[in-house]
Amino acid sequence: MAAAPLYCVCRQPYDVSRFMIECDICKDWFHGSCVQVEEHQAVDIDVYHCPNCDDVLGPSLMKKRNNWHRHDYTEPNDGTKPVQAGTSVFVKELQNRAFASGEDILLRMRGEQVTQRYLERHGFHYPIAVTEMEGLGLKLPPTTFSVKDVEEYVGGDKVIDVIDVARQADSKMKLSEFIKYYTKPHRPKVLNLISLEFSDTKMSKLVEVPDVAQRMSWVENYWPDDSFFPKPFVQKYCLMGVKDSYTDFHIDFGGTSVWYHVLWGEKIFYLIKPTLDNLALYEAWSSSPNQSEVFFGDKVDKCYKCVVPQGTTLLIPTGWIHAVLTSQDCMAFGGNFLHNLNIGMQLRCYEMERRLKTPDLFKFPYFEAICWYVAKNLLETLKELREDGCPPPNYLVDGVKALIGALKTWLKREPSSEVPDNIRPNHLIKELTKEIPKYDLPICREHPTSPSTEEAIQGMLSMAGLLCSKTENVASSQEPWWPSPSQHLQLEKRDCEQHRLQGNKSLIDSQGNSSSEAWDNQGLPSPDIEYQYCEPSMSPPLHPSKRHAPNPHP
Ligand SMILES: [Zn+2]
Ligand SMILES: [Zn+2]
C-alpha cells in the first residue's frame with residue numbers, strides 16, 4: 001500500500017478538518033495554523049509564499065482593493081456592478097433606508113406573561129419583545145460577561161465558524177483567534193460569530209433558556225432518550241458580533257422559532273411576515289443568481305425595523321423572514337425550538353429548504369426523525385383527549401393534518417432512513433388519520449370538579465403542549481393564519497359551549513374548504529421532485545444564511 005502523501009512544514013497527511021493553503025511557488029500545501037494564516041486571511045493573498053519560499057522571494061503578495069461594495073473587492077469599480085449585501089457600502093445604505101416600524105407588529109409583554117398557556121390560547125404568530133425579563137425563566141451571565149469569559153468557559157481550542165461579513169462567506173478558526181481579533185483595537189475586517197452552540201461546554205450552566213421555549217420544545221418533550229439518532233442541540237447559542245455585522249434575510253432552519261437576548265450592545269432586526277405571498281417571493285429570491293445584489297426588504301409589501309437594545313429578549317415565531325444588523329459590538333444569547341403551535345408552517349419551511357437544496361450544515365438535525373416521534377406522541381394525546389370528551393384545539397387538528405401529509409410524502413421518497421426503528425410508519429399514519437375525523441361530533445363534557453383530577457389532566461395536556469380547558473383558537477381555518485396583533489390582545493375567554501361550536505366549525509371548514517394551513521394546498525413539492533439523501537450533519541446547524549464556504553485542499 002502506498003503511503004499517504006505528506007504536506008506542510010509538519011509533514012502530516014491530509015486532514016479534511018483543517019484549513020490548508022497552497023504555496024504558489026513550491027506548490028506544497030500548508031496548514032493555516034502551522035504557517036499563521038487564518039482562513040479568512042487567505043482570500044486577501046494574491047501570491048502565497050510559504051515559510052520556505054519567502055526566505056528567497058520575500059513575503060506573499062497581497063490583493064489590491066478596488067471597491068467597497070462587492071464581495072470580491074478586486075473587481076474594478078467602474079460603476080457597472082450593483083452593491084452586494086454585507087459590504088461596507090451596503091451597511092451604510094441600510095442604515096439610511098426607511099422601514100415600517102417594528103411597533104406595528106411587535107407584541108410587548110412582560111416576562112411573566114409569556115407562557116405556554118398564553119401562546120396556546122392566542123397563537124404564536126407575531127414577534128414578542130420582553131424588556132422586563134423577570135418571570136421568563138431566562139438565566140444569563142451578568143452584563144459584565146466578556147468575550148474573554150466566553151473563551152474561558154468554552155475553551156480557546158474550539159474550532160468555530162465565523163462569517164466574513166463583507167464577503168458573506170464562512171471560515172473556520174479557533175475561538176482563541178476570534179477573541180484575539182475581537183479585542184484588538186484595529187479590526188481589518190468584520191467577522192461575525194453566530195453559530196457557537198455551547199450546550200456541551202462549561203458555559204451551559206450559566207444559561208437557562210426561557211421557560212416557554214423549554215416547555216414547548218419538541219426536542220425537550222418528545223426526543224426519546226434511547227433514540228438511535230443523536231439528540232439535536234440547538235437550544236443554546238452565543239452570538240458575538242462586531243459593529244456592522246450583517247446577516248442577510250433568511251428563515252431559521254426547519255422553521256424553528258427562536259429567542260434572542262441581547263446581553264450587551266445592540267442588534268437591529270428587519271422582519272417580514274411569512275404570508276404565502278412573502279414566502280413565495282422569498283423562495284424565488286433565495287434561488288436567484290443575483291440574490292446578494294437584491295435587498296429582499298424591497299421585494300415585499302412591508303419590512304419592519306425593530307431595534308433590540310441591551311436587556312431585551314425577542315421571540316420570533318415560525319417562518320418569519322429576517323435580516324440582522326449588529327449596530328454596536330454585541331453579545332447575545334439565543335436558541336431555536338420546534339413546537340406544536342405552527343406545525344404546518346414548520347413543515348412548509350422544511351420543504352422549502354429542501355427545494356432550495358440547503359446544505360445539511362444549515363438544517364435542523366434529524367428533522368424528519370423528530371416529526372415521527374412527535375406523530376407518535378400526538379397520537380396518544382389525541383386519544384386521551386377523545387377519551388376525555390375534549391375536542392382538540394384547532395391548531396392541533398390543523399397541525400396533525402399537515403403532519404400526516406408530510407409523513408406520507410416522506411415515506412414515498414427513497415430512502416426513508418429517518419423513520420425511527422421502533423415506529424411502524426404506515427400503522428402510525430393510519431392511527432393518526434383515524435383520530436382526526438372522530439371529532440366530527442365532539443362531546444364537551446363538564447370538566448372534572450375535583451381539583452386534583454383537573455390538575456392531573458392539565459399537567460398531562462400541558463406536557464403535550466395542549467390545554468383543552470377553555471382553550472380557544474383564534475384563527476379559524478378560513479381566516480388568515482394569524483389574528484392581527486390587536487385582536488390578539490383583545491381576546492376574551494369563551495365558555496365551553498362556544499369552544500365546542502368553534503371546534504365543529506373548524507372541522508367543517510377543514511373538510512369542506514381549503515385551510516390556509518393545510519399541507520395539501522401549500523408548499524407541497526411536486527411528486528417527481530428529485531430527492532437526494534445526505535447523511536445529516538452531527539454538529540449543531542450553522543445559521544442558515546446563504547454563504548459559500550471556500551476551502552480548497554490538496
Ligand atoms: Zn502543518
Ligand atoms: Zn513554497
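What you are looking at is a predicted structure, and each value in this text was computed from that prediction instead of being measured. Order of appearance sets the numbers: ligands from 1, and atoms from 1 within every ligand.
Side-chain contact between Thr326 and Tyr246 is absent, with no heavy atoms from C-beta onward closer than 4.5 Å.
Put simply, His49 stays out of reach of the Zn ion (ligand 2), with no N, O or S atom under 2.8 Å from it.
When ring centroids are compared, Tyr366 and Phe229 come within the 6.0 Å threshold. Aromatic rings from Phe269 and Tyr260 are positioned such that their centres are separated by under 6.0 Å. Checked against a 6.0 Å centroid threshold, the rings of Phe249 and Phe295 count as neighbours.
Annotation: angle subtended at the Zn ion (ligand 1) by Cys8 SG and Cys10 SG is 110°, to 10°. Here Cys50 contributes SG and Cys26 contributes SG, and at the Zn ion (ligand 2) these two atoms make an angle of 110°, given to 10°.
Restricting His31 to its N, O or S atoms, the one at the least distance from the Zn ion (ligand 1) is ND1.
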